[in-house]
Asks: 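Structure in structure tokens, see below.
Just so it is clear, the model here is predicted, and its values are computed rather than measured.
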Amino acid sequence: MVKDLFERIQQNKGPLGKWASQAEGYYVFPKLEGDLGPRMKFHGKDILNWSLNDYLGLANHPEVRKVDTEAAAEFGAAYPMGARMMSGHTKYHEQLENELATFVMKEAAYLLNFGYQGMVSIIDALVTKNDIIVYDVDSHACIIDGVRLHMGKRFTYKHNDLESMEKNLQRATKMATETGGGILFITEGVFGMRGQQGKLKEIVAMKEKYNFRLLVDDAHGFGTLGKTGAGAGEEQGCQDGIDVYFSTFAKSMANIGAFVAADKDIIDYLKYNLRSQMFAKALPMIQTIGSLKRLELLRNSSEIKDKLWENVNALQNGLKERGFNIGDTNTCITPVYLEGSIPEAMVMVNDLRENYGIFLSIVVYPVIPKGIILLRMIPTASHTLDDIAETLAAFEAIREKLVNGTYKEIAAKTTVDVSDER
């Protein structure tokens with residue numbers, strides 16, 4: 001007897017979906033309102049927002065808003081129509097690609113409609129079934145999904161662990177010798193949850209011993225790291241050793257889209273083999289022209305990046321001075337690790353939002369070990385030192401409630417009910 005395809009779906013909503021009735025609209029799929037920035041509204045209340053990846057504060061920059069508006073008025077939302085290969089190619093797409101390539105110090109670049117689908121497609125295009133992939137176990141979901149498409153062998157190494165990297169490169173080398181294939185090594189410039197930089201310099205050095213090509217997802221490093229903002233490779237002095245450099249516009253560029261950069265022959269190959277771009281409508285003109293302005297500001301307005309890092313240092317130093325554990329982050333991403341259960345975490349988040357007006361991302365098991373609560377903050381150039389002082393005071397208050405058992409007591413008595421919230 002053939003089962004109804006939907007039977008499994010109706011019975012098992014998945015690890016996150018099973019919490020939908022309790023969490024949706026508040027803990028997940030929250031609706032933030034107002035102009036994008038540090039001060040927004042959540043359920044009708046003013047909140048201080050630490051959950052936007054708008055690192056450089058470009059989302060509401062007046063020059064950016066002006067260019068976005070002018071592009072929309074001139075071209076509308078539809079232009080260009082069709083895929084790049086057919087009818088969606090323009091001089092503006094070419095200009096943005098050329099400027100991006102120069103900025104990240106590569107020969108050529110190619111625009112992507114979205115970062116997620118772009119990375120999936122890049123991995124798919126770069127390898128055959130005879131090739132071996134070696135990648136960090138903590139890689140972003142877009143990398144994981146790209147690797148899932150691979151019909152050959154793949155090995156994961158322990159997160160940022162050099163010994164594990166080398167061990168798996170040895171395994172990959174042995175297997176590639178047998179299959180007649182090559183090796184693609186994948187890591188991130190910045191790991192988005194914990195804020196650590198990938199060990200790019202050390203990985204590049206391994207090329208002297210092992211024959212592999214390096215693909216780096218630098219979504220959080222682009223615009224925030226390096227002397228010019230060209231990312232983690234520039235920061236670590238090894239940009240030349242990155243064979244394929246990828247970043248999204250969804251972080252520092254405050255936009256939709258992404259790009260991949262490499263030697264010209266590799267980009268020429270990807271242009272004709274990236275299925276997610278060959279068979280998809282070109283990046284609209286609003287995003288393309290808007291990204292040209294954002295890149296101009298990123299290149300020429302160093303004071304924006306300076307302000308970002310002033311805020312990052314003030315927040316992270318303030319947390320450390322107060323005894324908070326922020327791990328070994330060496331980027332803008334600011335995690336705070338506390339001990340507690342999932343119910344305690346839910347009560348804490350509710351308290352932060354309702355009584356302290358602080359909105360941030362929270363991560364619990366199974367993403368991190370049981371008994372640990374990770375509060376993740378994204379400082380931006382738009383935050384102020386007053387915002388940071390307010391947040392530090394709130395964190396001291398919630399830590400006291402966590403330590404003295406207040407949250408545990410509340411969690412034992414009731415489930416945080418948000419069903420009557422707007």
Asks: Could you list all the salt bridge (charged side-chain N to carboxylate O under 4.0 Å, His left out) pairs where at least one residue sits in residues 301-317, not counting sequence neighbours?
Replies: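 Sorted pair list: K307-E310.
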Asks: Do other residues, nucleotides or ligands put more than 12 heavy atoms under 6.0 Å from N330 CG?
Replies: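 Atom CG in N330 is packed in, count exceeds 12.
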Asks: How close do H383 and P38 get, heavy atom to heavy atom, and via which atoms?
Replies: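 Of all heavy-atom pairs spanning H383 and P38, the closest is CD2-CB, 3.6 Å.
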Asks: With S291, which residues qualify under side-chain hydrogen bond (donor to acceptor under 3.5 Å, both in side chains), at least two apart?
Replies: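 If we apply the side-chain hydrogen bond (donor to acceptor under 3.5 Å, both in side chains) test to S291, skipping adjacent residues, the hits are N255.
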Asks: Quick one: salt bridge (charged side-chain N to carboxylate O under 4.0 Å, His left out) pairs with a partner in residues 393-407, sequence neighbours left out?
Replies: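 Pairs touching residues 393-407 that pass the test: R322-E396, D351-K401.
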Asks: If you look only at pairs with a residue in residues 335-346, which of them pass as a salt bridge (charged side-chain N to carboxylate O under 4.0 Å, His left out), with sequence neighbours excluded?
Replies: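 The answer is none; no pair qualifies.
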Asks: Checking S51 now: which residues fulfil side-chain hydrogen bond (donor to acceptor under 3.5 Å, both in side chains) with it, not counting sequence neighbours?
Replies: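 Per chain and number, S51 pairs via side-chain hydrogen bond (donor to acceptor under 3.5 Å, both in side chains) with S361.
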Asks: How about F75: does its CZ atom have over 12 heavy atoms from other parts shown lying under 6.0 Å from it?
Replies: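 For F75, atom CZ is crowded (more than 12 foreign heavy atoms under 6.0 Å).
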Asks: For residues 46-60, which residue pairs pass the salt bridge (charged side-chain N to carboxylate O under 4.0 Å, His left out) check, not counting sequence neighbours?
Replies: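 Every salt bridge (charged side-chain N to carboxylate O under 4.0 Å, His left out) pair that includes a residue of residues 46-60, provided the two are not neighbours, is K41-D46.
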Asks: Do H220 and F191 have ring centres separated by under 6.0 Å?
Replies: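 Distance test on ring centres: not under 6.0 Å, no.
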Asks: Quick one: closest heavy-atom pair of M253 and L295, and the distance?
Replies: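 Between these two residues, the closest heavy atoms are SD-N, 3.9 Å.
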Asks: Return the set of residues passing side-chain hydrogen bond (donor to acceptor under 3.5 Å, both in side chains) with T173 (not counting sequence neighbours), or none when no residue passes.
Replies: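 For T173 there are no side-chain hydrogen bond (donor to acceptor under 3.5 Å, both in side chains) partners, ignoring immediate neighbours.
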Asks: Between D161 and K199, is the salt bridge (Lys or Arg N to Asp or Glu O under 4.0 Å) condition met? List the steps.
Replies: CA-CA 9 Å; D161 187 301; K199 295 189 175 179; over 6 Å; no
Asks: Check this for me, if you would: do D145 and R148 make a salt bridge, where the nitrogen-to-carboxylate-oxygen distance has to be below 4.0 angstrom?
Replies: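 So D145 pairs with R148 through a salt bridge.
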Asks: List in chain and number order the residues that pass ring pair (Phe, Tyr, Trp, His ring centres under 6.0 Å) with F185, two or more places apart in sequence or in another chain; answer none if no residue qualifies.
Replies: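 For F185, the residues satisfying ring pair (Phe, Tyr, Trp, His ring centres under 6.0 Å) (neighbours in sequence not counted) are Y157, F212.
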Asks: Taking the basic N atoms (NZ, or NE/NH1/NH2) and the acidic carboxylate oxygens, is any pair closer than 4.0 Å for R194 and D328?
Replies: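 The answer is no: the pair does not qualify as a salt bridge.
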Asks: Using the test ring pair (Phe, Tyr, Trp, His ring centres under 6.0 Å), find all partners of F222 that sit at least two apart in sequence or belong to another chain.
Replies: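 Partners of F222 by the ring pair (Phe, Tyr, Trp, His ring centres under 6.0 Å) criterion, ordered by chain and then number, come out as F103, F259.
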Asks: State, to 0.1 Å, how close D217 and C142 come at their nearest heavy-atom pair, and which atoms those are.
Replies: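 Reported closest heavy-atom pair: OD2-SG, 3.7 Å.
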Asks: Between V147 and I144, is the side chain to side chain contact (heavy atoms under 4.5 Å, CB included) condition met? List the steps.
Replies: CA-CA 5 Å; V147 172; I144 301 298; 5.9 Å; no
Asks: Just grab all the ring pair (Phe, Tyr, Trp, His ring centres under 6.0 Å) pairs involving residues 309-361, residues at least two apart or on different chains.
Replies: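 As it turns out, the ring pair (Phe, Tyr, Trp, His ring centres under 6.0 Å) pairs with a partner in residues 309-361, which skip direct neighbours, are F42-F359, F324-F395.
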Asks: Would you please name every residue forming a side-chain hydrogen bond (donor to acceptor under 3.5 Å, both in side chains) with E99, sequence neighbours left out?
Replies: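 side-chain hydrogen bond (donor to acceptor under 3.5 Å, both in side chains) check on E99 returns Q95, R299.
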Asks: Closest approach of Q236 and E202, non-hydrogen atoms and distance?
Replies: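 Scanning both residues, the minimum pair turns out to be OE1-OE1, 4.4 Å.
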Asks: Going by ring pair (Phe, Tyr, Trp, His ring centres under 6.0 Å), name the residues that satisfy it together with F114, two or more places apart in sequence or in a different chain.
Replies: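 For F114 there are no ring pair (Phe, Tyr, Trp, His ring centres under 6.0 Å) partners, ignoring immediate neighbours.
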Asks: Where do L200 and A232 come nearest, in terms of heavy atoms and distance?
Replies: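 Distance-wise, the nearest heavy atoms are CD1-CB, 3.8 Å.
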Asks: Begin with the C-alpha distance, continue with both residues' side-chain angles, and end with the deciding distance and a verdict on salt bridge (Lys or Arg N to Asp or Glu O under 4.0 Å) for D243 and K207.
Replies: CA-CA 11 Å; D243 297 295; K207 285 184 168 186; 2.5 Å; yes
